[in-house]
Amino acid sequence: MTGPVIPIASESSGSDFTSDFIHPPHYLPPLSPIAVNNPVRVVNRLTMSLSAASSTLLRTCARQQLPTARAAVTSCQQTRGVADAKASFESPFATANERGSTLKIPNFSKYQSSKSPRSNQVFSYFMAGTMGLATAVGAKATVQDFLVNMSASADVLAQAKVEITLGAIPEGKNVIIKWRGKPVFIRHRTQDEINEARETKWESLRDPQSDDERVQKPEWLVMLGVCTHLGCVPIGEAGDYGGWFCPCHGSHYDISGRIRRGPAPLNLEVPAYQFPEEDTLVIG
Amino acid sequence: MAGISNVIYQHVSPALATTLFRRNAVYLTAIFAGAFAFELSFDTGSNKIWDSWNAGRQWKDIKPRYLVAAEEEDDD
Amino acid sequence: MLARSLLRGPNRAIARQSLGKSTRASSTAAGAEFASSPFYLTLTASLATAAAAGSAAWYYHLYGQEAFAMTPAEEGLHPTQYPWVHERFNKTFDHAALRRGFQVYREVCASCHSLTRVPWRSFVGVMHTVDEMKAMAEENEYDTEPNDQGEIEKRPGKLSDYIPAPYKNDEAARAANGGALPPDLSLIIKGRHGGCNYVFNLLTGYPDEPPAGASVAEGMNFNPYFPGTGIAMGRVLFDGVVEYEDGTPATTSQMAKDVVEFLNWSAEPEMDDRKKMGVKSIALLTGLFAISVWVKRYKWAPIKSRKVVYSPPIGPRR
């Protein structure tokens, strides 16, 4: 903290304001090198008085510093009474008394706020906080709009779901539809097939999954028609297990779409789907 | 007005100074909480104004007619 | 150059006498009396100004003017300006009018004009319910993707499909319309000078018979608002040509107004949201600007009113 060596003229005396309040940065102007080497006093319009205790503390801190700085403090202490007495300042040099001299320091006291320093500071904090608040809202809206812009467009979303009427699929038949460019198998299973799928000892399979995990309604088996080995499309109602058979490398899937024999590592994938109505299936 | 400003100077300002602005963390938290609340209220308020400017013009204003009509068709 | 060598000629002897001087210095010295007379100075300046202004005017005459292929009469009448409510900064489309305008498009315009950039789904929540649009889309047939045998079949339309065009391609459209291509209407309001006013005037501006002296080609119709005045499209909107479901009297101007507003929606479907967002952001940014002006003054006030006072040291304190 370089603040202490800058003496602050107390033009308004008798303020109850104490320095433990957080100051906005400009209330303690940064110490420039010039101010250290030359005893230059900076007088602010928005002055505030330090309490006697705290200013003594600051002065003792300053004494620990450079001798030049100490000299500056000393000189300021000694001229302080003068500054307190007169709001305006006249240079002791003779040239200041000439007409049009630039050395005459005008009196800024009429610009001084008549309110208490605390209410001024509360107002300043309130305004700065309000600006931060509005900026945060605007920034959030801007960022959000850009991020939303990156999400899927309406035409993509419109094609991301496929609706199928199930009434047209008879029991024991397969239907293949295209969904997001991939084939989807829909099998209307018979009761025998459901029983077979449920009674299989699934715990010992390569990718152990029970039939209940793979279907929402037992009579409707819905899964992606992409072999989990290398991506061929398996043939329906074929293979050694009454399910699907991949002609590329000979993977056999059962009537629940689980891998039973062949190179494929996983069961056929089940997409997200739902039955919004009794007779309707929506995939996606 | 003078009474209100007096109340602000004598009671609200010191209260704010000692509670909200004293610690920077509290101050920042208040700003962001305020931003959240302000966004909600600003959106609600501006939507209300917009809807009052465009009363009877938007889809939500004419939608009930056609929804009722569709349900009646279903009943038939 | 010519003038300078002429001036220089008689003075060459003088120039040779003094070796140190350049020929140029001697020539100006000799012509100084001639050039420095006020009359000649004024004359030279006037001539130079006249030459500069003349050449600029000549250049503008040659290249500066805009070239018009058509006379103002052929350009078409300027459309009348109408106070469209939906063009105000704080007004949305009148969605009941959009619904009527879409009915006019379906029943009148769609027999020749396509609307290929508008999908069925975009009407949902704007002027129709989901069920209405699903039913409307299913009335149309679309090609499927190739099946197992590689053949393309037909399927009923879905919400994600786009409105089908009345003709298979531009050539078929031209063949059916005497060589004129009915333009796609998706962006017609943005794509025509005059926008809503032009289309409204075009639709309602057909006179009962062409004015005396106007030449109308075979198979063409006269419309003063169409550039060139000869338009292949005939008048299509007559009182009562559609029957509005909400009971609005279907006059020619009512239908034209509704279909123009609908076509403006198809060109700018985002307009409602855009205007709302604009109003909101202007409101917020105005407040932010006001506060930032205050903050600027707050930050600069102590800097501008700072006094720097020199007080000499009174002596070391040792």
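Order of the sequence lines sets the chain letters (A, B, ...), proteins ahead of strands, with each chain counted from 1.
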- Task: Identify the heavy atoms of Tyr66(B) and Ile62(B) that sit nearest to each other, and give their distance.
- Result: CD1-O, 3.4 Å
- Message: Once side-chain hydrogen bond (donor to acceptor under 3.5 Å, both in side chains) is applied, do any residues pair with Lys140(A), and if so which ones, sequence neighbours excluded?
- Response: Gln144(A), Glu39(B)
- Task: Using the six-membered ring wherever Trp is involved, compare the ring planes of Phe21(B) and Tyr125(A) and label them parallel, tilted or perpendicular (cut-offs 30° and 60°).
- Result: parallel
- The interface call for Tyr27(B) against chain A, heavy-atom contacts under 4.5 Å, is side chain
- Task: Go through the atoms of Phe42(B) and report whether side chain, backbone, both or neither lie under 4.5 Å from a heavy atom of chain A.
- Result: neither
- Note on the structure: Okay, Ala128(A) and chain B: the region with an atom under 4.5 Å from a heavy atom over there is both
Hey, can you pull the donor-acceptor pairs under 3.5 Å for the side chains in residues 165-179 of chain A, sequence neighbours left out?
{"residue": "Asn174(A)", "atom": "OD1", "partner": "Arg187(A)", "partner atom": "NH1", "Å": "3.3"}
{"residue": "Trp179(A)", "atom": "NE1", "partner": "Ala160(A)", "partner atom": "O", "Å": "3.0"}
{"residue": "Trp179(A)", "atom": "NE1", "partner": "Ile283(A)", "partner atom": "O", "Å": "3.4"}

- For atom CZ of Phe32(B), is the number of surrounding heavy atoms from other residues, nucleotides or ligands below 6.0 Å larger than 12? no
- Message: Is it true that, when you exclude Phe38(B) itself, more than 12 heavy atoms of the residues, nucleotides or ligands shown sit nearer than 6.0 Å to its CZ?
- Response: yes
- Query: Can you name the residues of residues 44-59 of chain B that have some heavy atom under 4.5 Å away from a heavy atom in chain A?
  - Reply: none
- Message: The criterion is side-chain contact (heavy atoms from CB on, under 4.5 Å); which residues satisfy it with Ala152(A), sequence neighbours excluded?
- Response: Val156(A), Leu157(A)
